[in-house]
Novice: 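This is the structure I have questions about; it appears just below.
Atoms within a ligand are numbered from 1 in the order they appear, just like the ligands themselves. Values below: every heavy atom of this structure, side chains too, minus hydrogens, waters and symmetry copies.
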Amino acid sequence: MKTIIEPFRIKVVEPIRMTTREQREKILKNAGYNLFKISSDDVLIDLLTDSGTAAMSDAQWAGIMSGDESYAGARSFYRFRDKVQEITGFKHIIPTHQGRAAERILFGLLSRPGTYIPSNTHFDTTRANIEFQGGSAVDLVIPEAKDTQSLHPFKGNMDIVRLENFIQGVGADHIPLCMLTITNNSGGGQPVSMENIRQTKNVCQKYGIPLFLDACRFAENAWFIKLREPEFEHSDCKTISREMFSYADGCTMSAKKDALVNIGGFLAINDDELAMQARNVLIVTEGFPTYGGLAGRDLEAIAQGLEEVLHEDYLAYRIRTVEYIGEKIDRDGVPFLKPTGGHALYLDAARFAPHIPLPQFPGQAIACELYLEGGIRSCEIGSIMFGKTDAKTGKHIAPPLELVRLAFPRRVYTQSHFDYVAEVITEVYRNRENLKGYRFTYETPYLRHFTAEFEPVPS
Ligand SMILES: *Cc1c(COP(=O)(O)O)cnc(C)c1O
């Protein structure tokens, strides 16, 4: 087997800045040990998120120049609509400025107090939009998802038995729709199998519940299906994608992921009545239905990106990159979530630094040290982001998993960047006994991870 190479060459470059450890110590301290508060100029390799961070192709940049900025009926809208329809098969395609705008429109129409919306795992913004309207967001992923060492090939799958029990328990009339997040972002970028999509569809159909896909990483999910589900070994990813969407009644999409652009999204719906209502909300809050919250040039870039993201040399390189880093750090015994997912590597912080108690945030300790050691920005996804303090006892309630996410921007970094990342992770792991916990010096009641400040706990 030959090396799987980056299937592109580089026409425009963006310098990144090296800093010394001494400089980084000052920068991190000034940021209150919160990586969200560091200027991106002070980051060497930025793995904070894969959202909106993709590099566009020459054809996408050409689309930016040829975008039609007409208010109504722009040529760029029709190109966008036709491409989305070609891949998803949905009837009504409604552009929005990003994924959560599509969610807000959908759940503004369907979520209300007394309703339940089950999913394998809701993404934070999806959950927030459901709950903001008074509904309940329910996660019913298979139990293997919570075991970071389980090698189940489709750890994003819906637990079909629990789904059916849940529907019978609360009653189908209280469930306006069911969702599947492909791939399961909050669960480690793990895919959902075609078999599981079909089974979810069957249960939904039995009870008359519409099924929607949160399709942000549909192409990565399609590639995993091709690799891991023998029935699809010889199918191309567009055909696989079409089949995935064929079981759904609609989808929400953040184009900042698998449409390879920096901004954009859409809502797609088959039902005429629901689509009409969604367009009415769109006009009030986003814009006229042929542009949503976007410029014509953005629609061009999305249409082109949706075509490119299904190229199999791209997907092979994309998924292999994450797997490659996983293999490297596995040789040094670094604990991480296995098997590696589509868009990110997740270090298992509880196993990585077991000497740091969860209320002192082992994930934060690792994320800070990755920055100090190598200028790498990652993201704690554990007790800071999802932990709570018990109002009565004051005790820390930890989430099921304590992770540090290194999310990979699409087409941005090369293999030597990733070799470097693996080296830094291994070095931090080798010196893990020196890692120290952190405590809050400033904390807000909501989404505290964005704005909080910390200090190292003295030993
Ligand atoms: C990013 C994301 C969203 C929200 O999309 P935005 O474009 O950030 O608003 C929704 N669901 C999943 C699974 C995502 O990854």
Side-chain angles (χ1 to χ4, degrees), residues 36 47-54 84 88 94-108 111 117-132 137-141 145 155-158 177-192 197 211-222 224 244-245 248 250-268 282 285-286 292-294 298-299 301-302 305-306 309 318 322 341-346 379 381 385-386 403 405-410 447 449-450:
F36 281 100
L47 307 181
L48 188 64
T49 177
D50 66 320
S51 179
T53 52
V84 176
T88 67
I94 299 168
T96 59
H97 78 274
Q98 61 183 85
R100 69 196 71 182
E103 293 169 352
R104 192 184 48 74
I105 293 171
L106 182 66
F107 296 120
S111 169
I117 294 150
S119 173
N120 49 350
T121 311
H122 289 288
F123 181 65
D124 338 357
T125 60
T126 321
R127 170 175 289 278
N129 273 296
I130 291 168
E131 292 177 348
F132 189 69
V138 182
D139 293 341
L140 298 172
V141 72
K155 273 169 113 171
N157 280 357
M158 177 79 90
L177 75 160
C178 172
M179 287 196 95
L180 271 176
T181 311
I182 57 168
T183 60
N184 190 12
N185 182 359
S186 309
Q190 300 290 328
V192 178
I197 299 175
L211 174 64
F212 273 66
L213 299 181
D214 178 338
C216 296
R217 299 180 182 79
F218 74 95
E220 292 172 9
N221 202 80
F224 279 118
M244 295 188 313
F245 286 112
C251 76
T252 55
M253 171 84 186
S254 167
K256 300 171 74 171
K257 323 295 172 41
D258 268 355
L260 299 172
V261 294
N262 307 117
I263 195 72
F266 58 84
L267 172 63
L282 185 85
T285 61
E286 290 275 303
L294 296 167
D298 296 325
L299 296 167
I302 293 171
L306 286 171
V309 79
R318 170 80 179 152
V322 190
H343 66 292
L345 178 83
Y346 295 72
C379 185
I381 302 198
M385 197 180 270
F386 293 123
L403 304 170
R405 184 180 80 174
L406 295 99
F408 298 169
R410 293 168 177 78
L447 298 171
H449 56 281
F450 288 128

Novice: Applying the side chain to side chain contact (heavy atoms under 4.5 Å, CB included) test to M179, which of T126, N120, L213 qualifies?
Specialist: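 For M179, the side chain to side chain contact (heavy atoms under 4.5 Å, CB included) check succeeds only for T126.
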Novice: When you measure from atom 6 (P) of ligand 1 to every protein heavy atom, which one gives the shortest distance, and what is it?
Specialist: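 Protein heavy atom at minimum distance: Q98 NE2, 3.3 Å.
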Novice: Do ligand 1 and G99 have nitrogen or oxygen atoms that lie under 3.5 Å from each other?
Specialist: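 For ligand 1, there is an N or O atom that lies under 3.5 Å from one belonging to G99.
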Novice: Closer than 4.0 Å to some heavy atom of N185 - which atoms of ligand 1 meet that?
Specialist: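 Under 4.0 Å from N185, ligand 1 has these atoms: 13 (C), 14 (C), 15 (O).
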Novice: What is the closest protein heavy atom to atom 14 (C) of ligand 1, and at what distance does it sit?
Specialist: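 Nearest neighbour among protein heavy atoms for atom 14 (C) of ligand 1, to 0.1 Å: K257 NZ, 2.9 Å.
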Novice: Can you tell whether the side chains of D258 and R410 come within less than 4.0 Å, N to carboxylate O?
Specialist: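 A salt bridge is present here (some side-chain N lies under 4.0 Å from a carboxylate O).
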Novice: What is the closest protein heavy atom to atom 8 (O) of ligand 1, and at what distance does it sit?
Specialist: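 Result for atom 8 (O) of ligand 1: R100 NH2, 3.0 Å.
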Novice: Taking everything shown except F36 itself, do over 12 heavy atoms lie less than 6.0 Å from its CZ?
Specialist: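 Atom CZ in F36 is packed in, count exceeds 12.
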Novice: With K257 as the cation and F408 as the aromatic partner, state whether NZ or CZ is under 6.0 Å from the six-membered ring centre and within 45° of the axis.
Specialist: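 Cation-pi check for K257 and F408: fails.
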Novice: Short list, please: which atoms of ligand 1 are under 4.0 Å from a heavy atom of T181?
Specialist: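 In order of numbering, the contacting atoms are 13 (C).
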Novice: If we count only N and O atoms by modelled type, under 3.5 Å, do the side chains of Q190 and T183 hold a donor and an acceptor together?
Specialist: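 There is no such pair (donor and acceptor under 3.5 Å, judged by atom type) between the side chains of Q190 and T183.
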Novice: What residue and heavy atom of the protein are closest to atom 10 (C) of ligand 1, and at what distance?
Specialist: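 Looking only at protein heavy atoms, the one closest to atom 10 (C) of ligand 1 is E103 OE2, 3.1 Å.
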Novice: So do P409 and L47 actually touch side chain to side chain, heavy atoms under 4.5 Å?
Specialist: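 They are in side-chain contact.
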Novice: Side chain, backbone, both or neither: which part of K256 has a heavy atom under 4.0 Å from ligand 1?
Specialist: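 For K256, only side-chain atoms sit under 4.0 Å from ligand 1.
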Novice: Which distance, rounded to the nearest 0.5 Å, do you find between the CZ of F386 and the CG of L403?
Specialist: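 Answer for the CZ-CG pair, F386 versus L403, is 9.5 Å.
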Novice: Are the side chains of E220 and I182 in touch, meaning some heavy atoms are under 4.5 Å apart?
Specialist: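 No, side chains not in contact.
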Novice: Within the structure, is a non-hydrogen atom of G265 found at a distance of less than 4.0 Å from ligand 1?
Specialist: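 Judged by the 4.0 Å heavy-atom criterion, G265 does not count as contacting ligand 1.
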Novice: Which residue owns the protein heavy atom closest to atom 11 (N) of ligand 1, what's the atom, and how far is it?
Specialist: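 Result: D214 OD2, 2.7 Å.
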Novice: Does T125, backbone or side chain, put an N or O under 3.5 Å from an N or O of ligand 1?
Specialist: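 So ligand 1 has no N or O lying under 3.5 Å from an N or O of T125.
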Novice: Quick one: nearest non-hydrogen protein atom to atom 5 (O) of ligand 1, plus distance?
Specialist: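 Residue, atom and distance for the closest contact: S254 CB, 3.2 Å.
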